[in-house]
Amino acid sequence: MTENPHDQLVLSLFKECDALLQGHFKLTSGKHSEWYFEKIRLIEKPAALEKIVDLLVEKIEAEVPDFDYVVSPAYGAIAIGFLAALKLGKGFAFTQRSEEKMTVRSGFAGLDGSRAVIVEDILTTGGSILEVLACLKEHGVTTKGIYVLVDRSGGAVPVEGKAVGSLLALKVEAFEPDACPFCKKGLPLTKPGASDKK
Ligand SMILES: [Zn+2]
């Protein structure tokens, strides 16, 4: 998928926590793919996740000089953002959907008017990050950076004109069933859980 040595390191860390699976998968879109991210596995194995978050923290420290909070959308990214905030010495808050709208719990008293970095697990369409941006804007928060562990758009999706920093930009090829090379080889098809849904 990628020859870059840094990408290879990140890939091996994802494989270490079984978050990146290789096989023949039916995606929620109905298309078939050789690769599948089981992102819930990231938080299932904290020690493996910590190594991945260390790389993310290094990147954020190098690129964003000044901010106050790490903000992540519930639920999958909370552990990732929290761990990053702890290592960066920043505050942490999360957003959650309440009646379809992305909101911040009123208990996060210091967030309003602050400067934040958004941390999300996987960027697919950018939909949930857009919702977080809008939500933070309502709270007078300046977004200083947007980071994801894996950019599945392969760097194709800027969010509101802002670049999205990722540890791994990976365009995963997906095939219509009748054009799928793995179907042609007769490999058994796996339908993973709904955790890939965004
Ligand atoms: Zn197939």
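Just so you know, ligand 1 is whichever comes first in the structure, and atom 1 is the first atom listed for that ligand.
Residue pairs meeting the ring-ring contact (aromatic ring centres under 6.0 Å, His included) criterion with at least one member in residues 119-139, sequence neighbours excluded, do not occur. Sorted by first and then second residue, the ring-ring contact (aromatic ring centres under 6.0 Å, His included) pairs with a member in residues 78-107 read F82-F92, F94-F108; sequence neighbours excluded. Sorted by first and then second residue, the salt bridge (charged side-chain N to carboxylate O under 4.0 Å, His left out) pairs with a member in residues 76-92 read E50-K87, D54-K87; sequence neighbours excluded.
Counting only distances under 2.8 Å, and ignoring water, the protein N, O or S atoms around the Zn ion (ligand 1) are H24 NE2, H32 ND1, C180 SG, C183 SG.
A donor-acceptor pair is defined here as one N or O able to donate and one able to accept, closer than 3.5 Å; no such pair exists between the side chain of S166 and the backbone of V150.
Between I43 and G76, the closest heavy-atom pair is CG2-O, 3.8 Å.
A salt bridge links R115 and D68; the closest N-O separation between the charged side-chain nitrogens and carboxylate oxygens is under 4.0 Å.
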